[in-house]
Amino acid sequence: MGLSRKARFFCVTAMVAIAGFATAGVASAAPFTMTLDNGQLNLGAVFKGKTILPAPVPGSLGANTTANATIAGDNTGGALTVTAANVKFPIVEVPNPLNPAQMVPIMFSVSNDLTGTYDAVTGAVSLSVAHMASDVVTGTGSPDPLLPATCHIAPIDVTFSSTNTAQFIGVPFTAGIEGNGAIAASWTTVPAGVEVNGGDCSTVNTVTAGKGGLWLSHGIVTPPVPSCASDPTLCVPAIGSVKVNPKSKTVKAGKSVTLKAKVTNTGDGEATGVKVCATGNKKQVKVPKCQTKTIAAGGSTTVKLKVKVQKKAKKGKAKVTVKASSADAGSKTGKSTIKIKPLKKHKKH
């Protein structure tokens with residue numbers, strides 16, 4: 001028996017609804033291309049903030065046709081995928097640290113596909129690179145400009161992120177992944193370079209040893225300046241003052257007084273291992289052992305120091321100096337004056 005027109009209508013409507021539910025939540029891949037028109041490089045302890053993008057066109061090796069780097073891939077509901085072939089760098093140039101007038105070409109490349117994320121609300125971008133390589137051109141070597149004498153450094157395993165705070169500060173892409181923003185990567189060490197086509201790695205390995213970082217941006221010329229807020233390693237503690245109370249006190253010989261030393265950390269980093277010690281003339285006063293404290297950034301601590309006047313102390317004044325010191329926060333001192341009232345001598349009958 002066939003269905004009525006009304007029944008067929010409801011059946012078709014139900015099938016359309018079911019198909020809609022089946023495809024709901026399945027995000028389609030949206031292609032994107034990040035054009036990176038500014039970049040800086042840190043290498044080791046002496047090579048800081050060197051501009052690498054925009055690259056020279058055509059460049060000293062004559063191979064560049066563009067000044068920018070590009071990263072092209074697919075964005076599937078915030079999940080990013082990029083094939084290695086779609087990460088393209090021009091040959092960049094940096095000044096030779098030993099001879100600033102000489103420019104040294106560097107070729108960056110990746111040998112694996114990239115994966116990452118993009119948050120359209122916050123603009124946060126993250127891209128992991130498992131095998132990035134850097135080829136530092138050390139001589140002309142081969143007549144082929146793309147096969148010169150180089151020092152090959154690989155693998156450099158990093159994650160580029162718009163929220164990175166070490167070495168360089170990233171900037172979220174709040175106007176879309178193709179809009180303005182910056183990604184940065186950092187590393188604590190890189191492998192020793194390997195000579196290729198007669199390249200000499202002796203000088204290169206000296207320069208590249210240690211921490212480094214790479215900053216790449218679209219539409220932002222200069223990286224944000226790192227601060228304590230963005231990089232905790234830049235926070236510096238500082239002992240700003242030591243105030244001792246009471247400033248002056250009269251004490252009988254054989255008696256004690258408790259001094260309160262307020263130690264203030266005026267720096268933006270936590271001060272650890274702060275030793276608070278009192279010193280004074282041993283013939284007049286006996287001071288307690290040192291105390292060790294931790295003081296929060298911008299905070300203070302009050303240390304109680306019980307000072308005893310010696311029984312045989314003569315009339316006069318005893319200076320007590322309280323010193324607070326730390327290897328990473330410096331030192332400061334405060335003082336208190338104890339006026340000594342000697343014991344009365346009993347007359348002999």
Side-chain angles (χ1 to χ4, degrees), residues 42 44-46 48 165-167 169 186 188-189 209-211 225-349:
N42 283 354
V46 296
K48 300 290 185 181
T165 59
Q167 294 286 324
I169 299 176
S186 60
T188 56
T189 185
K211 297 179 180 180
V225 178
S227 65
C228 171
S230 64
D231 185 354
T233 63
L234 299 177
C235 299
V236 179
I239 297 175
S241 64
V242 177
K243 296 182 179 180
V244 184
N245 285 305
K247 289 281 187 181
S248 178
K249 184 73 173 179
T250 299
V251 184
K252 290 183 179 180
K255 299 296 183 180
S256 300
V257 61
T258 298
L259 302 179
K260 295 181 179 180
K262 183 179 180 181
V263 184
T264 301
N265 174 12
T266 56
D268 52 16
E270 182 180 67
T272 59
V274 180
K275 291 187 71 174
V276 183
C277 303
T279 57
N281 189 323
K282 293 181 180 180
K283 292 183 179 181
Q284 296 174 301
V285 293
K286 182 181 179 181
V287 298
K289 293 181 179 179
C290 299
Q291 298 182 41
T292 302
K293 300 290 182 180
T294 296
I295 311 174
S300 64
T301 187
T302 299
V303 180
K304 294 182 179 180
L305 302 162
K306 189 176 181 180
V307 178
K308 183 177 180 180
V309 178
Q310 303 286 18
K311 286 185 178 181
K312 296 182 179 180
K314 296 180 180 180
K315 181 180 180 180
K317 295 180 180 180
K319 295 283 187 181
V320 177
T321 300
V322 180
K323 181 179 181 180
S325 61
S326 168
D328 61 352
S331 65
K332 283 288 188 297
T333 59
K335 294 183 178 181
S336 178
T337 300
I338 296 177
K339 299 176 182 178
I340 300 173
K341 189 175 182 181
L343 292 175
K344 291 182 179 181
K345 293 182 179 180
H346 296 286
K347 294 181 179 180
K348 294 182 179 180
H349 297 284

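Along the sequence shown, residues are numbered consecutively beginning with 1. All values below come from the heavy atoms of this structure, side chains included, with hydrogens, waters and symmetry mates left out.
A distance of 12.0 Å separates SG in Cys277 from NZ in Lys289, rounded to the nearest 0.5 Å. For the atom pair NZ (Lys332) and CG (Asn265), the distance works out to 11.0 Å, reported to the nearest 0.5 Å. Annotation: the span from Asp328 atom CG to Ile239 atom CD1 amounts to 8.5 Å, rounded to 0.5 Å.
Of all the heavy atoms in Ala278 and Leu305, the pair that sits closest is CB-CD1, 4.2 Å. Contact detail for Ser300 and Thr264: the closest heavy-atom pair is CB-OG1, 3.7 Å.
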Check residues 240-258 and write down every donor-acceptor pair under 3.5 Å in which the side-chain atom is one partner and the other belongs to a residue at least two apart or another chain.
none

What side-chain donor-acceptor pairs closer than 3.5 Å can you find for residues 266-276, not counting sequence neighbours?
from   : atom 1 : to     : atom 2 : distance (Å)
Thr266 : OG1    : Ala238 : O      : 3.3
Asp268 : OD1    : Val236 : N      : 2.6

Listing, residues 310-323 side-chain donor-acceptor contacts under 3.5 Å, not counting sequence neighbours, or none:
from   : atom 1 : to     : atom 2 : distance (Å)
Gln310 : NE2    : Lys282 : O      : 3.0
Lys319 : NZ     : Thr337 : OG1    : 3.2

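At least one side-chain heavy atom of Lys48 sits under 4.5 Å from a side-chain heavy atom of Gln167. For the pair Val263 and Lys293, the minimum side-chain heavy-atom distance is 4.5 Å or more.
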